[in-house]
Amino acid sequence: MAGRQAVKAYLDLLSQPCRAVLIFLKHNKIPHTLELVALRKGQHKTPEFSKLNPMQKVPVLDDNGFVLTESDAILKYLATTYNVPDHWYPKLPEKRARVDEYTAWHHVNTRMHAATVFLQEVIFPNMGQPTNPAKFKKALTDLDGTLDMLENMFLKRKPFLCGDDISLADLLAVCELMQNSFDCLFQPMCSGRDVLKDRPKLLSWRSRVQSALSDSFDEAHSVVYQIRQKFTAKL
């Protein structure tokens with residue numbers, strides 16, 4: 001877009017929604033600069049970042065002075081503001097509504113339940129806090145129910161969650177579920193868990209999404225791959 005500077009994306013690439021934003025920017029060749037914000041170092045609590053986002057959360061997008069938070073809002077803004085293929089966030093009301101339907105459901109289902117499993121199985125033990133067996137069992141049950149809905153309500157017999165082409169729904173979902181696919185490789189006492197391993201329909205979907213995103217997917221996940229390699233070397 002003539003006369004506009006590259007957008008600034010404030011991201012921590014250990015965050016699933018942040019990786020989704022970076023993948024979208026890279027894949028669609030939207031000019032951008034990456035501003036890394038390390039949550040583990042408390043960089044989101046600095047006065048400078050707090051002025052940018054008083055909620056002290058990532059991702060944050062700064063598009064020539066227009067500052068936006070929340071991954072869902074950021075992705076939809078980029079899809080409607082920049083020249084990207086229509087399949088990401090279709091203009092046709094019925095198709096767009098399907099994407100909105102999933103993204104509204106995503107935050108209190110796929111994201112919440114996948115993140116809870118990851119916290120209980122990976123983050124807490126590596127912080128010296130034992131996993132709560134009851135909470136972990138409930139988290140796995142909740143995630144299992146979410147995966148059932150992904151298969152039977154959203155995916156059904158379609159190639160992607162909202163139809164024949166990849167959309168923002170697939171991007172948000174795959175980043176969450178990739179995190180859980182790495183659980184066993186973050187965990188010194190590895191259980192070998194991949195939450196999709198007994199779900200061939202979702203495994204095929206994940207493979208299609210990764211293929212559609214090509215290099216941008218691996219580039220955004222490079223920091224996760226590096227951590228995986230370090231833990232694998234220790235094991």
Side-chain angles (χ1 to χ4, degrees), residues 12-21 23 39-40 55 57-59 69-75 97-158 160-162 166-210 217 221 224 227-228 231:
D12 183 335
L13 297 184
L14 291 177
S15 157
Q16 302 92 303
C18 286
R19 293 198 297 273
V21 170
I23 290 169
L39 301 182
R40 65 193 181 282
M55 292 185 289
K57 293 181 178 181
V58 288
T69 67
E70 298 298 326
S71 57
D72 183 29
I74 289 169
L75 289 167
R98 286 298 180 206
V99 178
D100 288 334
E101 179 183 36
Y102 176 78
T103 58
W105 182 82
H106 171 86
H107 293 284
V108 292
N109 290 278
T110 310
R111 172 146 181 74
M112 183 173 71
H113 297 145
T116 302
V117 170
F118 190 70
L119 285 170
Q120 287 290 333
E121 189 168 31
V122 180
I123 300 300
F124 290 162
N126 281 287
M127 293 174 61
Q129 301 178 32
T131 297
N132 182 307
K135 288 183 178 180
F136 183 53
K137 182 178 180 181
K138 183 179 185 304
L140 286 174
T141 300
D142 290 341
L143 181 56
D144 201 47
T146 290
L147 296 177
D148 285 342
M149 293 298 286
L150 278 175
E151 279 188 328
N152 301 321
M153 177 178 172
F154 292 101
L155 190 59
K156 297 180 181 176
R157 293 183 175 87
K158 305 187 298 292
F160 297 98
L161 293 180
C162 296
I166 191 171
S167 72
L168 298 180
D170 300 284
L171 178 56
L172 287 167
V174 79
C175 287
E176 292 298 332
L177 296 177
M178 283 299 293
Q179 191 95 336
N180 291 89
S181 298
F182 292 146
D183 275 8
C184 68
L185 295 166
F186 282 102
Q187 181 70 298
M189 298 302 290
C190 174
S191 66
R193 185 189 315 284
D194 179 346
V195 296
L196 303 186
K197 70 181 178 66
D198 295 323
R199 294 178 178 269
K201 188 185 295 186
L202 286 178
L203 282 171
S204 295
W205 160 80
R206 185 175 70 186
S207 179
R208 285 192 294 274
V209 173
Q210 287 182 245
F217 184 89
H221 282 85
V224 183
I227 295 174
R228 179 179 64 179
F231 273 93

Looking only at heavy atoms, what is the nearest atom pair of [X] and [Y], with distance?
X: Ala139; Y: Thr116; answer: CB-CG2, 3.6 Å
X: His107; Y: Thr103; answer: CD2-O, 3.2 Å
X: Asp144; Y: Arg199; answer: OD1-NH2, 2.6 Å
X: Glu176; Y: Thr110; answer: CB-CG2, 4.1 Å
X: Thr131; Y: Phe136; answer: CG2-CB, 3.6 Å
X: Pro59; Y: Pro17; answer: CD-CB, 4.3 Å

Hey, is [atom1] on [X] packed in by over 12 heavy atoms from elsewhere, all under 6.0 Å?
X: Glu101; atom1: CD; result: yes
X: Lys57; atom1: NZ; result: no
X: Lys158; atom1: NZ; result: yes
X: Arg98; atom1: CZ; result: no

As an exercise, state the distance from [atom1] of [X] to [atom2] of [Y], rounded to the nearest 0.5 Å.
X: Asp148; Y: Met153; atom1: CG; atom2: CE; answer: 13.0 Å
X: Met149; Y: Leu155; atom1: CE; atom2: CG; answer: 12.5 Å
X: Ile74; Y: Cys18; atom1: CD1; atom2: SG; answer: 8.0 Å
X: Leu168; Y: Leu75; atom1: CG; atom2: CG; answer: 5.5 Å
X: Gln16; Y: Leu171; atom1: CD; atom2: CG; answer: 12.5 Å
X: His221; Y: Met178; atom1: NE2; atom2: CE; answer: 5.0 Å

Verify, without hydrogens or angle tests, whether [X] (side chain) and [Y] (backbone) share a donor-acceptor contact under 3.5 angstrom.
X: Asp170; Y: Ile166; result: no
X: His106; Y: Tyr102; result: no
X: Ser207; Y: Leu203; result: no
X: Gln120; Y: Asn132; result: yes

Take Leu150 and Trp205 through the test side-chain contact (heavy atoms from CB on, under 4.5 Å) and record every step on the way to the result. CA-CA 10 Å; Leu150 278 175; Trp205 160 80; 5.7 Å; no
Does the distance from a Lys or Arg side-chain N to an Asp or Glu carboxylate O, for Lys135 and Asp142, drop under 4.0 Å? no
Of Leu147, Leu202, Leu172, which is the lone residue that meets side chain to side chain contact (heavy atoms under 4.5 Å, CB included) with Leu177? Leu147
